[in-house]
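Reviewing the structure listed below.
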Amino acid sequence: MPQGDMKQPLLRSSRRPQGPLSDVGTDAPLVGILGTGDFSRSLAQRLVASGYRVVVGSRTPKRSSGLFPEEADVTTQQEAASQADLVFVGLFVEHYSTLSELKESLAGKTLVDVSNGMRINHDGPSNAEQLATLFPDSVVVKGFNVISAWTLQTGPRDGSRQVLLCGDNVAAKTSVAQLCRDMGFIPVDLGRLSSARDIENAPLRLFPTWTTPVVCALSLFFFFYFFNFLHDVLHPYVVNGKNVFYKLPIDTVNVTLPAVAMVMLALVYLPGLLAAFLQLRLGTKYRRFPDWLDRWLQARKQMGLLAFLCAALHAIYSLCLPMRRSARYKMLNTAYKQVKDGPAEVWDDEQVWRMELYISVGILALGLLSLLAVASLPSVGNSLNWREFTFIQSRLGYAALVMATLHTLLFGWDRAFTASQYHFYLPPTFVLALALPCAGAAGPPGAVRALRGAPPGPHPPRLGAGTLHPLPAARGGGEWSRAHQ
Amino acid sequence: MPQGDMKQPLLRSSRRPQGPLSDVGTDAPLVGILGTGDFSRSLAQRLVASGYRVVVGSRTPKRSSGLFPEEADVTTQQEAASQADLVFVGLFVEHYSTLSELKESLAGKTLVDVSNGMRINHDGPSNAEQLATLFPDSVVVKGFNVISAWTLQTGPRDGSRQVLLCGDNVAAKTSVAQLCRDMGFIPVDLGRLSSARDIENAPLRLFPTWTTPVVCALSLFFFFYFFNFLHDVLHPYVVNGKNVFYKLPIDTVNVTLPAVAMVMLALVYLPGLLAAFLQLRLGTKYRRFPDWLDRWLQARKQMGLLAFLCAALHAIYSLCLPMRRSARYKMLNTAYKQVKDGPAEVWDDEQVWRMELYISVGILALGLLSLLAVASLPSVGNSLNWREFTFIQSRLGYAALVMATLHTLLFGWDRAFTASQYHFYLPPTFVLALALPCAGAAGPPGAVRALRGAPPGPHPPRLGAGTLHPLPAARGGGEWSRAHQ
Amino acid sequence: MPQGDMKQPLLRSSRRPQGPLSDVGTDAPLVGILGTGDFSRSLAQRLVASGYRVVVGSRTPKRSSGLFPEEADVTTQQEAASQADLVFVGLFVEHYSTLSELKESLAGKTLVDVSNGMRINHDGPSNAEQLATLFPDSVVVKGFNVISAWTLQTGPRDGSRQVLLCGDNVAAKTSVAQLCRDMGFIPVDLGRLSSARDIENAPLRLFPTWTTPVVCALSLFFFFYFFNFLHDVLHPYVVNGKNVFYKLPIDTVNVTLPAVAMVMLALVYLPGLLAAFLQLRLGTKYRRFPDWLDRWLQARKQMGLLAFLCAALHAIYSLCLPMRRSARYKMLNTAYKQVKDGPAEVWDDEQVWRMELYISVGILALGLLSLLAVASLPSVGNSLNWREFTFIQSRLGYAALVMATLHTLLFGWDRAFTASQYHFYLPPTFVLALALPCAGAAGPPGAVRALRGAPPGPHPPRLGAGTLHPLPAARGGGEWSRAHQ
């Protein structure tokens with residue numbers, strides 16, 4: 001590979017240092033890097049740009065030196081290890097053993113393990129812990145693996161600047177944390193080296209908190225879609241030989257979506273009620289909840305957002321109805337019939353009122369849900385304090401649930417009780433959709449309040465991947481002193 | 001309460017340290033905690049996880065020790081007070097007096113007051129200041145009350161990581177700030193201990209900046225709704241005995257919302273003009289504005305967002321119109337009349353043009369407003385520099401106002417001048433709604449520019465709860481040097 | 001200017017210190033400020049509030065002292081320069097020369113250059129570098145120019161708290177960085193003083209990354225609008241003398257928008273394919289891409305968001321169609337014709353299916369696009385790790401493109417092949433709009449994967465203004481070790 005390539009900065013607006021290095025070399029601290037991979041190269045660039053002196057340990061110094069900024073001193077691994085007190089280990093975990101001959105020169109020094117796991121929660125110890133076992137006399141700090149070579153090169157101005165750290169030695173951790181800050185990152189200390197596993201898993205996650213809610217929403221969708229197919233499409237075909245298969249792309253979907261949204265929304269509030277109930281019965285707030293309830297409570301935010309998504313799609317689908325060719329044709333034919341065999345005056349006041357009411361209530365429900373969705377954006381949610389958060393979650397969230405239920409009830413009107421609606425003895429969808437919410441609504445709001453602020457709302461406080469146990473939330477900063485004694 | 005409960009981590013993915021504590025106890029700094037409440041417990045967990053040694057002072061060491069991580073040393077208050085140099089006071093403010101016998105052992109040490117107020121701006125000194133009076137020989141730092149026990153336990157990865165601090169002693173504050181960082185929080189120094197009141201109020205706020213704008217929007221809504229009820233519903237009933245009460249849920253709301261949005265939007269731009277006017281008249285940029293104007297200027301962002309909310313709802317309501325049963329019936333009846341008594345060809349070119357125009361202009365106005373709304377999201381707004389921010393606020397914002405006004409004018413067309421529109425001698429709503437905006441539009445954009453970049457736009461720079469005085473904004477980083485001399 | 005004005009805090013809830021300053025003056029570090037402009041004043045306030053001692057150097061100490069907090073000691077420039085070791089230079093760059101007589105007293109001290117450029121990339125050295133040349137014996141650190149006087153006064157709780165720093169002396173930079181933190185800001189080190197230019201440009205930027213994409217979108221819009229005018233409005237007028245000019249505000253726009261959206265979306269994915277292709281051909285991942293491709297790759301996020309904006313507007317416009325007077329009239333007339341000359345039964349099954357299908361597919365495409373848009377919000381995007389980001393960008397993004405193309409194909413149906421659609425020998429718009437996407441779709445997804453995670457999606461990772469070179473992204477933290485050698 002031609003040397004020139006790395007010499008010439010990867011970025012047009014390079015952050016790499018130019019000009020004399022007079023001061024560096026005298027007062028600048030020295031950092032060592034073992035390994036010459038992409039990450040090592042970018043790390044070297046960034047360190048130099050942050051004014052550190054860098055010594056790189058390579059098995060082939062000559063060949064590698066071209067890959068690094070000229071300010072970095074590329075030498076043998078032995079050299080680098082003996083010179084620097086803080087050493088980044090930029091190697092494959094498989095190659096850690098190759099460093100064994102550096103044991104003495106690395107003794108008492110701080111090793112930073114920047115490696116990533118190959119897959120989540122692989123058996124055996126974390127990479128960092130393996131490194132620690134190989135170098136019992138050195139201090140191992142885990143970190144920087146969540147940062148990409150790319151972020152290192154461009155500098156941390158854009159995007160996440162958090163660097164997760166952990167390690168058993170406080171002093172070492174503090175110095176690495178300071179290094180982070182000098183490079184423009186925000187160190188986040190996750191405690192002892194035993195947390196290395198979590199840190200190594202971090203970059204491997206693929207929406208772990210979303211899988212269950214999404215699966216749940218999808219299965220609900222398919223169930224209701226099939227149900228509506230039987231109820232609205234197949235039944236008229238079988239019974240009256242009426243071909244309405246054209247309903248499949250829009251009408252059927254548009255009856256399915258609100259049902260899914262309704263149930264998902266109910267599933268957001270149910271666990272809060274269950275938790276409150278358990279808590280009231282068990283009487284103590286220190287008893288743990290059963291795992292399934294724990295996981296459920298943790299998935300409320302995602303479920304709430306999926307409910308919102310379905311509701312929003314439902315709104316768009318509904319708005320599209322009058323625009324369709326089919327609607328147009330129907331209208332024309334009705335008009336034609338009107339004229340041919342009258343009656344002239346068409347106006348069913350009940351139907352008019354029913355529709356005006358459920359539409360306006362539905363719009364309000366959607367409005368409330370979108371407020372909740374906005375409040376669940378990290379940057380917005382973080383600007384709320386506990387009281388505000390709880391207000392939005394439990395008050396607004398509950399109002400949204402009630403509105404949505406009312407919307408469905410008004411839509412249903414009296415049709416739940418007219419036999420004609422029961423095709424194949426199947427009730428109309430809205431009846432099914434209402435089952436859970438009504439159960440939820442039946443749940444005493446007192447129970448909710450009993451949670452003492454624990455949001456039964458769709459978006460548990462400040463949690464992305466974080467687990468949520470409602471009680472500590474309830475005993476949060478805003479109230480701790482009241483809980484004191 | 002069974003000991004096991006706290007031993008077993010509250011979180012599945014616990015951050016609590018495992019493994020040998022070899023190094024801690026030797027080099028780790030020692031932190032004291034007085035009190036055994038939930039917050040104290042979580043604090044202890046977090047400190048241990050961050051590699052600190054913790055000594056807890058309890059009135060009942062034996063009973064309490066079970067509540068704390070085993071790494072923490074639970075002893076008498078006297079013991080804890082004498083051992084640690086940095087002591088968290090995890091007590092109810094009412095119980096501060098019970099610590100009086102610790103005066104000597106706490107002398108010269110740093111006390112961290114983590115308590116919250118019971119209600120906003122209660123009389124008398126802040127909790128922290130009370131503590132300072134009780135311990136004149138100790139240094140009091142206020143902080144951590146905005147953090148919940150829950151955030152302490154899960155670690156600060158999710159949600160707001162800012163810890164507001166204040167205190168009169170720089171050294172003490174610096175060490176507490178460092179402690180913050182080691183725990184993964186971001187300390188924000190609010191200056192002297194006299195700011196403790198603000199910090200204690202922080203977790204008690206309930207959308208203080210929103211109350212006035214929301215009240216204002218609601219009262220506007222009710223006024224216009226009642227007005228439209230008289231104008232569009234009651235009048236036809238009284239005069240022609242025509243029953244159109246079905247209009248209440250949607251039509252009337254849909255005439256009310258745009259009026260509210262229009263007025264709110266005008267209210268966003270008016271104070272900027274007033275400020276510019278005052279400034280031009282008073283001639284100096286150092287004279288303060290009257291309080292009411294100050295508060296008004298500070299509420300612009302919220303007013304702008306509420307205006308956007310109303311506009312968005314107005315859009316959805318309008319889109320629902322053709323979908324309604326009532327619309328369908330009307331159409332059918334008209335079709336019937338058409339056929340019965342002709343004329344065959346129905347086409348009023350003026351009406352067509354009017355509607356095509358005001359719809360498309362309305363959509364553009366909504367588009368601009370949503371850009372403003374997005375730019376007011378913290379994470380987006382913060383990525384803008386002053387020039388960009390001012391551009392969005394004063395240029396786009398002004399364009400949105402103009403578009404909205406145009407939308408209303410086109411909607412009104414010539415109907416402001418047809419007597420038939422004046423039911424009960426009341427003008428049509430859009431006439432009222434236009435009054436303010438036109439006043440605003442009349443205001444010289446020169447005046448706006450006179451604010452030298454002070455956004456007359458709905459979303460004052462970077463402000464959540466922050467007050468906004470337009471002039472300093474105008475002298476912001478982007479321009480200070482020009483303002484220099 | 002009356003003294004009283006600055007004495008009295010600009011803010012109602014002032015952060016300025018009250019109470020005894022006992023400790024300050026003893027242990028508090030001393031900071032110097034040269035110049036008495038607005039920025040200097042606000043800086044002094046903030047420093048005092050953060051517990052620093054401040055000495056201000058003014059050419060007219062008596063006159064100026066009124067402008068500063070009484071805790072600040074206002075004296076001559078000579079005095080200030082000799083007392084403090086860290087000195088802020090709050091002067092116009094033109095006035096730097098006036099400080100020449102301070103050369104000796106500033107020797108060996110740290111000067112902080114807080115000035116802004118007058119215009120982007122002016123010729124000659126950056127202000128900071130000019131200062132450095134004037135004071136060869138002092139150490140110059142660039143910074144704080146991105147912070148406004150206003151933010152300094154209100155404190156950094158609201159809005160961007162990043163302070164960009166650069167300088168050649170590590171020690172000096174570290175102390176300034178610490179000062180930042182004490183004031184509640186987050187220092188971001190951009191390396192050597194040679195980066196001062198970038199930092200001085202920062203507050204002058206006006207959406208540099210948006211200009212090209214916006215221009216591109218606008219020109220596409222005008223091209224397609226004119227095209228549609230010829231095709232749908234002028235042609236019928238010229239040929240059949242049919243006046244449909246009323247279509248200009250809505251119908252024509254609504255045919256134009258989706259075309260623009262389609263092309264923009266294709267332009268988002270094309271460069272990724274080109275890059276993959278180049279990469280496969282050149283065989284090495286270290287060879288640079290040509291500049292134009294680089295810039296194109298960097299503009300993908302903006303292009304994607306503009307595509308989403310057009311798509312969203314297209315949706316709203318479409319939903320408005322049935323609401324319009326023109327639609328109503330058309331319907332009535334058709335109904336009339338129906339009745340007069342039949343046929344009674346109106347139902348074209350093909351047309352019905354076509355519309356039902358392309359509407360529902362279109363809604364799904366819009367849904368996917370909005371997910372991408374939400375994921376491009378800084379606060380959301382930053383919470384994703386590389387795998388999640390890549391999944392959203394390449395999987396969801398690609399799915400959105402496919403859906404949108406399908407939507408257009410279904411809309412087009414067989415009309416691309418009916419001569420009647422070729423007015424003035426011009427093909428219908430959707431044919432043009434499809435050209436690029438189909439090219440893109442033709443591109444092997446394998447090629448995309450060849451980028452090894454480099455998002456071909458609309459929103460390159462974590463980048464606001466940042467440039468994106470797909471390959472380092474591909475070699476990002478999540479994968480570095482695999483790329484290791």
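The sequence lines fix the lettering, A, B, ..., with proteins before strands; numbering per chain opens at 1. Keep in mind that this is a model prediction, so the values were computed, not measured.
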Of all of Ala335(A), Ala312(A), Cys320(A), which one pairs up most often with chain C through heavy atoms under 4.5 Å apart?
Cys320(A)

Turns out that what part of Leu165(C) lies under 4.5 Å from chain A's heavy atoms comes down to neither

Pick one of side chain, backbone, both or neither for Gln178(A), based on which atoms fall under 4.5 Å of a heavy atom in chain C.
side chain

Does Arg324(A) come within less than 4.0 Å of Asp251(A), counting only side-chain N to carboxylate O?
yes

Name the member of Asp348(C), Val361(C), Leu371(C) that forms the most heavy-atom pairs with chain A at distances under 4.5 Å.
Asp348(C)

Exercise: identify the closest heavy-atom pair between Ala327(C) and Pro322(C)
CB-O, 3.9 Å

I'd like to know which of Met331(C), Lys173(C), Arg354(C) tops the heavy-atom pair count under 4.5 Å against chain A.
Met331(C)

If you count the non-hydrogen atoms of other residues, nucleotides and ligands that lie under 6.0 Å from NZ in Lys330(C), is the total more than 12?
yes

Between the CG atom in Leu43(A) and the CZ atom in Phe88(A), the distance rounded to the nearest 0.5 Å is 5.0 Å

Compute the ring centroids of His314(A) and Tyr317(A), then answer whether they are less than 6.0 Å apart.
no

Does any backbone or side-chain atom of Leu193(C) lie under 4.5 Å from a heavy atom of chain A? Answer side chain, backbone, both or neither.
neither

Select one option (side chain, backbone, both, neither) describing which atoms of Ala177(C) are under 4.5 Å from chain A's heavy atoms.
neither

Pick from Ile363(C), Thr174(C), Asp349(C) with the largest number of heavy-atom pairs that fall under 4.5 Å of chain A:
Ile363(C)

Aromatic contact between Phe144(A) and Phe39(A), with the criterion being ring centroids under 6.0 Å apart: yes or no?
no

For Ser318(C), is it the side chain, the backbone, both, or neither that has a heavy atom closer than 4.5 Å to a heavy atom of chain A?
both

Between Glu356(C) and Ser326(A), do the side chains contain a donor N or O and an acceptor N or O under 3.5 Å apart?
yes

